[in-house]
Amino acid sequence: MSVINKCLFPVAGYGTRFLPATKAIPKEMLPILTKPLIQYGVEEAISAGMTTMAMVTSKYKQAIKNYFEPHTDIEASIKGTVKASLLDEVNHASEQCDFTYIEQQQMLGLGHAIYTGKPLIGNQPFAVILPDDLCTNSGDSVLTQMTKLYEQHPDCCIVAIEEVPMTQVDKYGVIDGELLDGSNNAYRVNSMVEKPSPEDAPTNLAIIGRYILTPEIFGVLENTAPDKNGEIQITDALTTLAKQGKVIAYKFQGERFDCGSVKGFVQATNAFAKAEGVI
Ligand code: G1P
């Protein structure tokens with residue numbers, strides 16, 4: 001069993017970039033082909049050995065909970081037909097793990113969302129997946145790669161990074177750090193900055209939506225001041241731990257699609273459709 005068995009999903013956001021679709025449908029329920037983004041995230045967490053999916057949700061996101069619960073009428077209607085297996089993947093995910101939920105009452109940033117999940121996590125290391133970032137790899141999933149690295153550095157938080165064009169750094173948390181001895185893909189982080197302008201960015205190494213966090217992060221988040229927009233940033237809390245040498249950034253193997261943007265969503269759809277022979 002993995003040393004990390006809980007994965008937190010911050011899924012309370014409004015998904016305004018996908019309005020009007022997201023007026024009535026959570027953005028995490030938008031599908032790449034026929035499978036919603038949230039399920040890709042859950043499958044990645046399961047692949048990394050996690051058994052509890054902790055959803056930080058909102059009153060508008062009931063569809064996510066419904067999705068992972070049985071739908072006996074549909075089951076009955078497809079039973080014995082050629083469509084009988086179409087719910088297998090989601091049913092399998094539901095059977096393999098527990099789903100826990102807590103409501104985030106106010107949208108005060110990713111750090112606040114993660115802190116809201118504290119009662120679901122308790123005092124143990126945990127993973128975070130932002131389902132907007134859809135990651136694929138032919139070998140180990142990105143989260144599996146990260147849990148393996150965490151096992152070698154159990155006092156550290158791990159963030160996934162990838163190189164992005166300098167013109168894009170203002171969409172991401174960006175790290176500054178040095179490669180760990182003997183490594184070509186893991187950096188000891190010195191500092192981090194949330195959504196810098198290209199002139200202010202220390203590197204083009206951008207954080208993507210996969211984290212492994214030690215429970216120490218909760219105490220740090222309690223003492224992290226909101227930014228100029230009133231949001232509590234996980235990047236700021238991690239900066240505090242980075243100054244103590246406790247954050248590693250990992251350049252993962254695989255491909256990541258930014259499904260939080262319409263362009264990235266379309267690119268993911270095309271890539272998956274080609275891979276599965278749909279087009
Ligand atoms: C969040 C984080 C940011 C990170 C990004 C990855 O930003 O605040 O540091 O780079 O996720 O997707 P958001 O995309 O929610 O604005």
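By convention here, the first residue in the shown sequence is residue 1. When a ligand or atom number is given, it counts from 1 through the structure's own listing order. Remember, it's a predicted structure, so these values are computed and weren't measured experimentally.
Looking only at atom types and distance, the side chain of D88 has no donor-acceptor partner in the side chain of S85 under 3.5 Å away. Side chains of N185 and Q253: no donor on one and acceptor on the other come within 3.5 Å.
In this structure, L238 CG and K246 NZ are separated by 12.0 Å, a value rounded to the nearest 0.5 Å. Distance check, rounded to the nearest 0.5 Å: CG of L120 to CE of M53 gives 13.0 Å.
Aromatic ring pairs are classed by plane angle as parallel below 30°, tilted from 30° to 60° and perpendicular above 60°; the pair F126 and F218 is parallel. Between F68 and F99, the angle of the ring planes stays under 30°, which puts this pair in the parallel group of the 30/60° scheme.
Counting heavy atoms closer than 4.0 Å to ligand 1, residue D258 contributes nothing at all.
What sits closest to atom 1 (C) of ligand 1 on the protein, heavy atoms only, is L110 CD2, 4.0 Å.
Residue contacts with ligand 1: K171 is placed with no nitrogen or oxygen under 3.5 Å of a nitrogen or oxygen of the ligand (distance criterion only). Looking at ligand 1, you won't find any N or O of I234 less than 3.5 Å from one of its N or O atoms.
Taking every heavy atom of Y172 and a limit of under 4.0 angstrom, the matching atoms of ligand 1 come to 10 (O). Numbered from 1 in the order shown, with element, the atoms of ligand 1 that lie under 4.0 Å from a heavy atom of T235 read 9 (O). The atoms of ligand 1 that sit less than 4.0 Å from any heavy atom of L130 are 11 (O).
Relative to the ring axis of Y187, K251 does not place its NZ or CZ within 45° and under 6.0 Å from the centre.
Nearest to atom 9 (O) of ligand 1 by heavy-atom distance, out of K195, E231, E194, is E194. Across D133, D132, I175, heavy-atom proximity to atom 12 (O) of ligand 1 is greatest for D133. For atom 6 (C) of ligand 1, the nearest non-hydrogen atom from the set V169, I207, V193 comes from I207.
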